[in-house]
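Report on one structure; see the data block that follows.
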Amino acid sequence: MNDAADSPLPGALIESTQAQFVAWLRDVAPYVHAHRGRTFVIGIAGELIEAGRLNALVHDLSLLHALGIKLVLVHGSRPQVQAQLALKGIEGHFSHGMRITDAPALECAKEASGELRLDIEAAFSQGLPNTPMAHAQIRVLSGNFVTARPVGVVDGVDFQHTGLVRKIDAEAMRNTIAAGALLLLSPLGFSPTGEAFNLTMEDVAAGAAVALQAEKLILVTDSDGIRDRSGHRYSELSMLQADHLLASGAADPDSALNLRFLLHALRGGVGRAHLVPFALDGSVLLELFTHDGVGSMLAAENLDALREATSDDVGGILKLLAPLEEDGTLVKRRRELIEREIDHFTVLEHDGVIYGCAALYPFPRAGGGMGELAALTVHTDYQGTGDGERLLKRIEQRAKAAGLARLFVLTTRTAHWFLKRGFAAAGVDDLPIERQSLYNWQRRSQILIKTI
């Protein structure tokens, strides 16, 4: 018999892997619920396809589709158009960061878009067993949904067949995606007279997101996010911050170009706008289902909120407290209790997910007025960034506003953290009378008090 069969290690490793998987699935569940039924417009740069990363992205998009997310995909074609021109011995011309599309370049744009559309449709038609696309059966539909207008003459330069989005047929697009299909748009548009124009992927994607009032616009490009000229990458930006970055000239040139389209989407009513790198495998999934993401996200306002809890937060608070209740750090609280006492809680929320909480229970008749600080918790993934202190300060502010002079806390494992923040050791007799009778002598919690 193999000695390894008697070893406890393989079984322990299996249990550890299983536990990690369960914990991960529970962590992403709030995002799954938040995204289901929403419309995402995803723009993919032609460089992604050129780099051979289309299949990996298609696998990820098929997963999003399976989760009930409505998808509109817009592909770019810059390198493919350039390759077509090179094959024909034609030199490409640019001005003001845009291609000047003469008649030969327009033909190359049409050819490139046709080939790319077929490649993308083929990728979504995969169905081999034991692959992410097995049983996916995603229908990909395209159409003339984009009306365009010419850029015209700018600073004496005639851009000819280069165009801008004029109108998006949102109603027809909604009918298409409501039927369960994935909608694919090319960077081409047509005038009411039937003239074709070469557009940018970013312009079409932002225009489609606004027309559909999509929850998210996601640009998947060769950039890893919005950076300033010093190289600093912003994981999150409010609209106000992004405007300042552009107006001050502090954004690097590539970021400035992307920022304009992301901001256009936000101003048009899109919920969130993201810029993620295609070089990182699974970047779209990581951006959507992890707290920090992997690129840059823009929102109308700052996504971190420190606020008083409402009844809608009960589930998030329970999920946050559960691990600490299971290991004995906190006393277990029933859902009914938290629902009844929800007004006592303050929460930290990021983009709809509760990741920190604390509660204040006042005892106004105790000497000078006292309050109990309870259930101060920050999710383990986000500890060490000062969020615990933010919650503590908010509870202190609430206590002062209620006319309380001191805070006390009962803890079994975190006394040192509180001592460093001005609390001092105390005894059971120092607690309010009504709280003394509830002291659990089996837990033998340390009692700490702070004058505020």
Side-chain angles (χ1 to χ4, degrees), residues 26 306-349 354-380 382-383 387-452:
R26 288 170 176 165
L306 176 62
R307 58 174 177 78
E308 312 320 325
T310 70
S311 57
D312 292 336
D313 301 319
V314 171
I317 292 172
L318 284 168
K319 183 176 183 295
L320 183 65
L321 298 180
L324 297 177
E325 292 175 347
E326 290 171 4
D327 70 11
T329 300
L330 295 177
V331 176
K332 188 172 180 60
R333 291 170 170 82
R334 300 186 312 276
R335 172 180 282 273
E336 302 80 38
L337 180 63
I338 292 181
E339 288 176 344
R340 190 167 62 247
E341 299 179 345
I342 194 65
D343 290 343
H344 294 284
F345 279 83
T346 294
V347 296
L348 273 170
E349 176 191 41
I354 303 299
Y355 70 97
C357 72
L360 172 66
Y361 294 92
F363 295 86
R365 290 178 295 190
M370 297 182 72
E372 180 177 6
L373 167 62
L376 176 58
T377 307
V378 176
H379 192 286
T380 53
Y382 318 124
Q383 291 177 1
D387 287 324
E389 292 197 46
R390 290 177 63 196
L391 284 165
L392 173 59
K393 288 179 181 177
R394 174 58 71 89
I395 293 297
E396 289 178 355
Q397 290 169 356
R398 291 186 67 178
K400 288 178 181 178
L404 307 179
R406 292 181 294 166
L407 276 181
F408 69 88
V409 62
L410 278 67
T411 179
T412 57
R413 304 186 186 183
T414 56
H416 183 67
W417 189 90
F418 288 103
L419 288 170
K420 287 177 63 178
R421 286 154 180 84
F423 285 79
V428 175
D429 292 341
D430 297 308
L431 296 175
I433 297 297
E434 54 266 55
R435 189 64 180 85
Q436 292 180 26
S437 61
L438 298 175
Y439 183 79
N440 187 332
W441 290 95
Q442 290 184 322
R443 282 179 59 84
R444 300 189 64 82
S445 299
Q446 292 178 268
I447 299 168
L448 303 162
I449 296 178
K450 179 181 181 179
T451 301
I452 55 177

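Residue numbers count from 1 along this sequence. From a predicted model like this one, the values you see are computed outputs, not experimental measurements.
When every heavy atom of Ile449 is checked against every heavy atom of Ala426, the shortest pair comes out as CD1-CB, 3.6 Å. The minimum heavy-atom distance linking Gly328 with Thr412 is given by the pair O-OG1, 4.2 Å. Residues Asp429 and Gln436 share a closest heavy-atom pair of O-NE2, 3.2 Å. Closest non-hydrogen pair, Ala309 versus Ile317, comes out as CB-CD1, 4.3 Å. The two residues Ala358 and Leu376 have their closest heavy-atom pair at CB-CD1, 3.7 Å.
Relative orientation of the Trp441 and Tyr439 rings is perpendicular, given thresholds of 30° and 60° on the angle between their planes.
Using a distance-only test at 3.5 Å, with no hydrogens or angles considered, no donor-acceptor pair links the side chain of Arg365 to the main chain of Pro432. Glu372 places no side-chain N or O within donor-acceptor distance of the main-chain N or O of Phe408, the cut-off being under 3.5 Å. A donor-acceptor distance shorter than 3.5 angstrom exists from the side chain of Gln383 to the backbone of Val378, with no hydrogens or angles considered. Proximity of a side-chain donor or acceptor of Arg413 to a complementary backbone N or O of Leu330 within less than 3.5 Å is not detected.
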| request: Take Asn440 and Val331 through the side chain to side chain contact (heavy atoms under 4.5 Å, CB included) test and state the conclusion after the steps. | output: CA-CA 10 Å; Asn440 187 332; Val331 176; 5.9 Å; no

| field | Step-by-step side chain to side chain contact (heavy atoms under 4.5 Å, CB included) determination, Trp417 to Val409 | value | CA-CA 12 Å; Trp417 189 90; Val409 62; over 6 Å; no

| task | Begin from the C-alpha positions of Phe363 and Arg406 and carry the test side chain to side chain contact (heavy atoms under 4.5 Å, CB included) through to its verdict. | result | CA-CA 10 Å; Phe363 295 86; Arg406 292 181 294 166; over 6 Å; no

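Within the model, atoms CD1 of Ile354 and OG1 of Thr377 stand 12.5 Å from one another, a figure rounded to the nearest 0.5 Å. Atoms NE2 and CD1, from His344 and Ile338 in turn, are 12.0 Å apart once rounded to the nearest 0.5 Å. Rounded to the nearest 0.5 Å, atoms CZ (Arg443) and CG (Leu410) are 8.5 Å apart. Note that CG of Leu321 and NZ of Lys332 are 9.5 Å apart. Values are rounded to the nearest 0.5 Å. The OG1 atom of Thr414 sits 8.0 Å away from the CG atom of Leu448 when rounded to the nearest 0.5 Å. Put simply, NZ on Lys400 and CD1 on Ile395 are 13.0 Å apart, with the number rounded to the nearest 0.5 Å.
Contact check for Lys450 versus Leu373: no side-chain heavy atoms found under the 4.5 Å cut-off. Looking only at side-chain heavy atoms (C-beta outward), Phe423 and Leu407 come within less than 4.5 Å of each other. In this structure the side chain of Glu434 never reaches within 4.5 angstrom of the side chain of Leu438, judged on heavy atoms. The closest side-chain heavy-atom distance from Asp313 to Phe345 is not below 4.5 Å.
Considering Gln397, Glu308, Arg307 as possible partners of Thr346, the one that fulfils the side chain to side chain donor-acceptor pair (under 3.5 Å) test is Glu308.
Listed by chain and number, the residues in a side chain to side chain contact (heavy atoms under 4.5 Å, CB included) with Ala424 amount to none (sequence neighbours excluded). For the side chain to side chain contact (heavy atoms under 4.5 Å, CB included) test, residues two or more places apart in sequence or in another chain that qualify with Arg390 are Leu306, Leu348, Tyr355, Asp387.
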